[in-house]
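Below: the structure, in structure tokens.
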Amino acid sequence: MQYYYDPYAAQRYEQQQRAWEEASRRRFQAEKEKREIRKISLGMGLAIIAYVVVQMLLGGILSMTGTADLLNTDPVFEYSVTIIFVSFLSVAVPFGIVALVFKSKYKYPLVPDKKVGAGNAALWVCLGMLGCIVTQISVSFLVSFFKTSFGIEMDLPEMAQSNSPTALVLECIGTAVVPAICEEFAMRCCSLQLLRKYGSGFAVFAVSVVFGLLHGNAVQFIFAGLIGLILGYVTIKAENIIPAILIHGFNNGMSVVYSAVKYFVNADLADDVELIIYVVWAALGVVAGIILWKKGMLKNKKEKGVSALTNGQKFSAFLFPWMIIPFLILIALTAQTVSMN
């Protein structure tokens, strides 16, 4: 029998060995990441349940003290309660605890604080406000379409009308200032920065779904979910939380301006002022987008070696099993705001 020497046999064996080792490493990494995402999902799920429980306790306290009716009749009382019990105790505190528990798991800073510069921050804010306005118009059209075409009503929560300068100040604080800070801390800091190590796109989308559902009604679920995508995108691009806080605050603040003009003058002028604000923000947003594009700041940087999982595997690990019950609770609360004519 004759033997032939194959000079490439050893090389092929080494390549196969490396390929097998790489495949094994990726499988191990994938399972590790799934476990990590499930643990984070458990923490965020408990934060969502805490959000619901705190507000249920608040409802019980108000009923026992006979002050529940004040929520819809006394704007000073309503916004004071919103600031303390909703924005702070229901949102900021539970998600802050999640950040504390998982502090060793953050690949990125808990609070994005990269120096962005006032000029660039203003550009991001203007672009974000353009996105908010486009989203609001689109959602309004969508709500109207479902109502006229299918008879589906999507109710918005009724807020007490500000009837004094004090009420207007508290409306500004309770609508535009405190929610912008607390919700951005909870969503774009505690949650987004924690999940970013598994991919920015996955993190932005997952947190936006949570952000939308936390609003508890169908219209705001759609609107806040889409706005969450904008806020997450801006936060990651700017690597700073300030633009997102300002976008959130200015967006919510448009309703405060409407209330103030309506209180001091009349509703007709308030409508006109609101339209002017929309046009101004839209124009500034278009200009900002062009400048950011020319600066190359809108280019997506390809993330390499971020995760061994596909997006489907990430979302599956995020949802199952720990996020299902919290999501079902929020979906049930949201479904109560939808009715058929």
Side-chain angles (χ1 to χ4, degrees), residues 72 75 78-79 82 119 121-149 152-180 183-184 208 211-212 215 217-231 233-234 242-293 337:
N72 296 320
E78 179 178 10
Y79 288 113
T82 299
L123 292 174
W124 285 118
V125 170
C126 291
L127 182 63
M129 287 302 297
L130 171 62
C132 291
I133 289 168
V134 171
T135 301
Q136 189 158 334
I137 293 172
S138 301
V139 171
S140 297
F141 173 79
L142 185 66
V143 171
S144 177
F145 172 76
F146 275 104
K147 182 177 180 179
T148 55
S149 301
I152 299 175
E153 289 269 9
M154 300 183 190
D155 302 323
L156 280 168
E158 295 184 4
M159 304 292 287
Q161 296 294 314
S162 294
N163 52 13
S164 69
T166 302
L168 283 170
V169 171
L170 281 173
E171 181 179 353
C172 180
I173 297 171
T175 302
V177 179
V178 174
E183 291 176 13
E184 290 312 303
S208 297
F211 182 56
H215 285 75
N217 67 80
V219 176
Q220 285 184 311
F221 162 64
I222 300 171
F223 179 70
L226 294 173
I227 295 299
L229 296 176
I230 296 169
L231 295 170
Y233 174 80
V234 169
I242 298 299
I245 291 175
L246 292 175
I247 294 167
H248 196 146
F250 284 139
N251 177 70
N252 290 6
M254 288 193 288
S255 65
V256 180
V257 173
Y258 181 91
S259 296
V261 176
K262 182 179 178 182
Y263 172 75
F264 287 109
V265 188
N266 56 55
D268 290 335
L269 182 60
D271 289 334
D272 294 338
V273 170
E274 185 177 52
L275 178 60
I276 292 171
I277 292 173
Y278 272 51
V279 171
V280 170
W281 275 125
L284 290 174
V286 171
V287 173
I290 293 171
I291 295 173
L292 288 169
W293 174 70
T337 65

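The first residue in the sequence is number 1, and the count goes up from there. Just so it is clear, the structure is predicted and the values come from calculations on it, not from any experiment.
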Approximate separation, where rounding is to 0.5 Å, of [X] [atom1] and [Y] [atom2]:
X	Y	atom1	atom2	result
I290	L127	CD1	CG	10.5 Å
T135	I222	OG1	CD1	11.5 Å
I227	F211	CD1	CZ	8.0 Å
L231	S208	CG	OG	8.0 Å
M154	T337	CE	OG1	8.0 Å
L284	I291	CG	CD1	9.5 Å

Holding to side-chain contact (heavy atoms from CB on, under 4.5 Å), I want the full list of residues that pass it with I277, two or more places apart in sequence or in another chain.
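Testing I277 for side-chain contact (heavy atoms from CB on, under 4.5 Å), a comparison that skips the adjacent residues, returns M254, V257, V273, W281.
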Between C126 and V287, is a side chain to side chain contact (heavy atoms under 4.5 Å, CB included) present by the stated rule, with each step listed?
CA-CA 8 Å; C126 291; V287 173; over 6 Å; no
Locate the shortest heavy-atom distance separating [X] from [Y]; write the atom from each residue and the value.
X	Y	result
P243	V234	CB-CG1, 3.8 Å
G128	I247	CA-CD1, 3.7 Å
A180	G249	CB-N, 3.6 Å
A167	Y79	O-CD1, 4.4 Å
N163	P75	OD1-CG, 3.5 Å
A267	Y258	O-OH, 4.2 Å

Taking only residues two or more places apart in sequence, or in another chain, which ones meet E274 in a salt bridge (charged side-chain N to carboxylate O under 4.0 Å, His left out)?
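Applying salt bridge (charged side-chain N to carboxylate O under 4.0 Å, His left out) to E274 gives none.
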Check salt bridge (charged side-chain N to carboxylate O under 4.0 Å, His left out) between E171 and all other residues, then give those that pass, not counting sequence neighbours.
none
May I ask you to check whether over 12 heavy atoms, not counting those of F145, lie within 6.0 Å of atom CZ?
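12 or below, so no.
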Could you check whether any side-chain heavy atom of H215 comes within less than 4.5 Å of a side-chain heavy atom of F223, counting everything from C-beta outward?
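Not in contact.
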N217 vs D155, side chain to side chain contact (heavy atoms under 4.5 Å, CB included): CA-CA, chis, key distance, verdict
CA-CA 7 Å; N217 67 80; D155 302 323; over 6 Å; no
For S255, does its backbone N or O pair with a side-chain atom of S259 as donor and acceptor, under 3.5 Å?
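Yes, S259 side chain to S255 backbone: donor-acceptor pair under 3.5 Å.
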